[in-house]
Participant: 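Quick one: this structure, given as structure tokens, is what I'll be asking you about.
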Amino acid sequence: MFSWVNKEQGGRNKDGEMYQTVTEGLQQLYTKKLLPLEETYLFHDFHSPALEAADFQSKPMVLLVGQYSTGKTTFIRYLLEQDFPGMRIGPEPTTDGFIAVMYGENEGVVPGNALVVDPKKPFRKLNAFGNSFLNRFICSQMPNQVLQGISIIDTPGILSGEKQRISRGYDFSEVLRWFGERVDRIILLFDAHKLDISDEFSEAIKAFRGQDDKIRVVLNKADQVDTQQLMRVYGALMWSLGKVINTPEVARVYLGSFWAKPLQNTDNRRLFEAETQDLFKDIQGLPRNAALRKLNDLIKRARLAKVHAYIISYLKREMPSLFGKEKKKEELIMRLPEIYTILQREHHISPGDFPNAVKMQEQLQHYDFSRFPSLKIKLIESVDKMLANKISGLMTMIRDEESKAPPAMVSGGAFEGSQDGPFGQGYGEGISAGSDCEDWIVSRDKHKYDEIFYSLNPINGKITGVNAKKEMMSSRLPNTVLGKIWKLADCDKDGMLDDEEFALAQHLIKVKLEGYELPTELPRHLVPPAHRKSEVAEILYNNDID
């Protein structure tokens with residue numbers, strides 16, 4: 001638990017408020033400082049519903065989005081390593097609704113209408129999307145260890161064409177935007193044979209605008225193409241995403257085959273294993289960063305709420321008191337981009353903090369500007385003080401408490417033992433190759449290295465750095481890397497290499513050229529036999545010292 005209690009002040013902050021946890025601190029700051037500003041200026045009608053206790057207390061959530069048959073449901077099955085209630089998998093569009101896969105002592109399904117009235121679940125505000133959505137929304141509960149750390153949201157497979165978008169009966173993009181604001185990670189899944197981004201998929205990705213730091217991309221079923229095709233597929237995917245995700249930073253893309261079936265093409269097995277482990281690490285770290293993510297989202301929400309208050313109060317100020325209200329309203333709506341520029345200069349606001357002008361113009365059509373509230377400076381100042389003072393203190397407490405008691409990482413399912421045993425990433429490869437062999441692994445190629453060694457004219461069984469330099473530089477590795485290899489290979493630190501040390505240097509060069517990293521210290525199994533200390537002699541030496 002994150003403690004917000006300051007012992008020196010009797011567990012109270014400067015305003016006399018007591019926070020037992022960071023979650024409680026965030027909730028109280030929102031309720032007392034930000035919520036009054038949102039309610040006054042109709043923020044919930046224009047942008048996002050009010051946050052509730054469950055929004056701050058819920059587990060980290062992962063949202064899966066993709067076109068049909070890209071493997072979203074199979075991906076969940078892969079992580080959990082078991083079926084979940086309500087699961088349907090097939091090549092055709094099978095998932096026709098949203099499924100929240102969450103932890104529960106008893107396995108079962110909770111329908112959407114019952115789900116949105118549960119105060120312990122963070123879905124109460126989804127009630128605004130009506131029965132058309134709620135009839136296609138369920139919560140699948142099961143006692144799975146993975147779900148003790150995260151919750152997973154499965155979404156309907158996205159199809160192309162206008163007909164599908166209309167037949168849903170609810171605003172699909174708005175539902176995705178609602179989830180995007182509240183989840184910790186958004187995973188876009190693509191099939192190696194299905195890279196086209198349909199109109200609806202494009203709209204879905206655009207719904208996550210402002211949440212770019214949460215987005216990750218998974219290119220699934222990558223084992224079904226060979227290496228050359230995979231390079232082309234990856235390039236095509238990045239080109240397609242570049243047209244939809246308008247950000248200078250490239251979204252992180254993970255390649256792999258995320259199901260428990262044999263790989264169809266094993267040429268890139270090592271790449272897939274490394275990518276899988278990277279994705280696992282990203283998901284496993286979500287509980288550790290959950291408090292910081294909620295804090296970050298609260299700051300973004302506060303900045304948007306302030307800008308919204310300036311816009312609404314400006315429109316109110318420009319309205320005439322008696323006649324010509326409708327005409328003035330239309331004029332102000334048309335001038336909205338210009339008004340943004342005026343407010344930007346007047347209040348020193350970044351252009352990126354303003355909401356989308358076109359969408360705002362559409363929403364403003366339904367309101368009477370003369371009934372908008374005027375600017376209340378105290379509400380703005382209260383939010384400013386929260387951002388300047390309270391948030392920074394809370395960030396400090398998060399770091400302090402995480403260093404003392406870091407939250408448990410996601411475990412169980414596919415995460416269990418992913419780094420342990422002989423099938424962990426890198427086990428028996430690169431620098432660790434030969435660690436479980438009795439013989440010195442370098443000796444297998446030592447006859448080849450000896451030929452080179454004796455051609456360098458050793459003196460008294462050793463060659464100098466000058467003689468070794470030209471041969472080692474033929475590898476074309478940078479001098480910084482070769483210098484590190486020299487330090488690792490020169491076991492007796494005499495500035496020269498004997499035949500075993502030279503063979504070790506060549507082995508380390510080979511390891512590096514194969515793409516593996518070098519260690520900071522030479523592992524015990526790579527130490528040349530002639531330079532290994534006798535364990536008996538070492539014990540006797542230590543006893544003499546004692």
Side-chain angles (χ1 to χ4, degrees), residues 266-271 273-274 277-278 417-546:
T266 59
D267 292 346
N268 298 306
R269 183 187 187 107
R270 185 181 149 212
L271 171 65
E273 289 174 354
Q277 293 303 324
D278 285 350
S418 58
Q419 289 290 339
D420 302 326
F423 299 101
Q425 181 187 358
Y427 188 93
E429 302 173 357
I431 208 68
S432 66
S435 58
D436 51 0
C437 299
E438 292 185 5
D439 61 327
W440 188 40
I441 189 171
V442 182
S443 63
R444 300 175 186 178
D445 295 318
K446 190 172 181 296
H447 63 282
K448 295 189 297 183
Y449 302 144
D450 283 348
E451 291 181 12
I452 303 172
F453 176 78
Y454 289 109
S455 69
L456 297 175
N457 303 318
I459 300 174
N460 297 326
K462 293 192 175 186
I463 59 174
T464 62
V466 175
N467 291 345
K469 180 177 180 180
K470 186 176 180 179
E471 176 60 33
M472 292 178 67
M473 289 185 67
S474 66
S475 66
R476 299 186 180 182
L477 289 172
N479 285 349
T480 52
V481 176
L482 292 175
K484 185 175 183 179
I485 290 174
W486 177 273
K487 290 181 180 178
L488 292 170
D490 186 10
C491 299
D492 52 13
K493 309 302 178 189
D494 63 352
M496 295 185 290
L497 301 180
D498 60 24
D499 61 320
E500 288 188 343
E501 291 173 324
F502 180 78
L504 173 60
Q506 293 297 310
H507 176 77
L508 294 175
I509 288 174
K510 178 185 175 184
V511 167
K512 187 62 181 176
L513 290 175
E514 289 176 349
Y516 297 98
E517 293 302 317
L518 296 173
T520 54
E521 294 183 4
L522 192 66
R524 186 180 182 88
H525 70 279
L526 286 182
V527 176
H531 294 269
R532 295 178 185 177
K533 293 181 180 179
S534 169
E535 293 185 5
V536 176
E538 194 170 342
I539 293 172
L540 293 173
Y541 175 76
N542 291 332
N543 289 337
D544 289 343
I545 293 177
D546 294 337

Participant: State, with a plain yes or no, whether a side-chain heavy atom of Pro529 is found less than 4.5 Å away from one of Glu500.
Facilitator: yes
Participant: With the side chain counted from C-beta on, respond yes when Ile509 and Lys512 share a heavy-atom pair under 4.5 Å apart, and no when they do not.
Facilitator: no
Participant: With side chain to side chain donor-acceptor pair (under 3.5 Å) as the test, pick out the partner of Lys462 among Asp498, Asp499, Asp494, Asn467.
Facilitator: Asp494
Participant: Considering only heavy atoms from C-beta outward, does the side chain of Leu456 approach that of Lys470 to under 4.5 Å?
Facilitator: no
Participant: To the nearest 0.5 angstrom, please state how far the CG atom of Asp445 sits from the CG atom of Asp450.
Facilitator: 11.0 Å
Participant: To the nearest 0.5 angstrom, please state how far the NE2 atom of His507 sits from the NZ atom of Lys446.
Facilitator: 14.0 Å
Participant: Working note: Tyr449 + Lys510, criterion side chain to side chain contact (heavy atoms under 4.5 Å, CB included); need CA distance, chi angles, decisive distance, verdict.
Facilitator: CA-CA 12 Å; Tyr449 302 144; Lys510 178 185 175 184; 4.2 Å; yes
Participant: Taking the side chain as C-beta and beyond, is there a heavy-atom pair between Asn457 and Ile463 under 4.5 Å?
Facilitator: no
Participant: So, taking the atom named CD1 in Ile431 and the one named CG in Leu488, what distance separates them when rounded to the nearest 0.5 Å?
Facilitator: 7.5 Å
Participant: Below 4.5 Å, heavy atoms only, C-beta onward: do Leu504 and Trp440 meet side chain to side chain?
Facilitator: yes
Participant: For Ala468 and Trp486, which heavy atoms make the closest approach, and how far apart are they?
Facilitator: CB-CZ3, 3.8 Å
Participant: Any idea which heavy atoms bring Ala433 and His525 closest together, and the distance?
Facilitator: O-NE2, 3.3 Å
Participant: Could you go through the side chain to side chain contact (heavy atoms under 4.5 Å, CB included) check for Glu501 and Asp492 one step at a time?
Facilitator: CA-CA 9 Å; Glu501 291 173 324; Asp492 52 13; 3.2 Å; yes
Participant: To the closest 0.5 Å, what do you measure between CG (Leu513) and CZ (Arg476)?
Facilitator: 11.0 Å
Participant: Looking only at heavy atoms, what is the nearest atom pair of Arg270 and Glu514, with distance?
Facilitator: NH1-O, 3.4 Å
Participant: Would you indicate whether the side-chain heavy atoms of Met473 and Asn479 approach each other to under 4.5 Å?
Facilitator: yes
Participant: Between atom CD of Gln506 and atom CD of Glu471, what is the distance when rounded to the nearest 0.5 Å?
Facilitator: 5.5 Å
Participant: Working to the nearest 0.5 Å, report the span between CG of Asp490 and CD1 of Ile485.
Facilitator: 13.5 Å
Participant: Evaluate the criterion side chain to side chain contact (heavy atoms under 4.5 Å, CB included) for residue pair Met496 and Ile459; output intermediate values, then yes/no.
Facilitator: CA-CA 10 Å; Met496 295 185 290; Ile459 300 174; over 6 Å; no
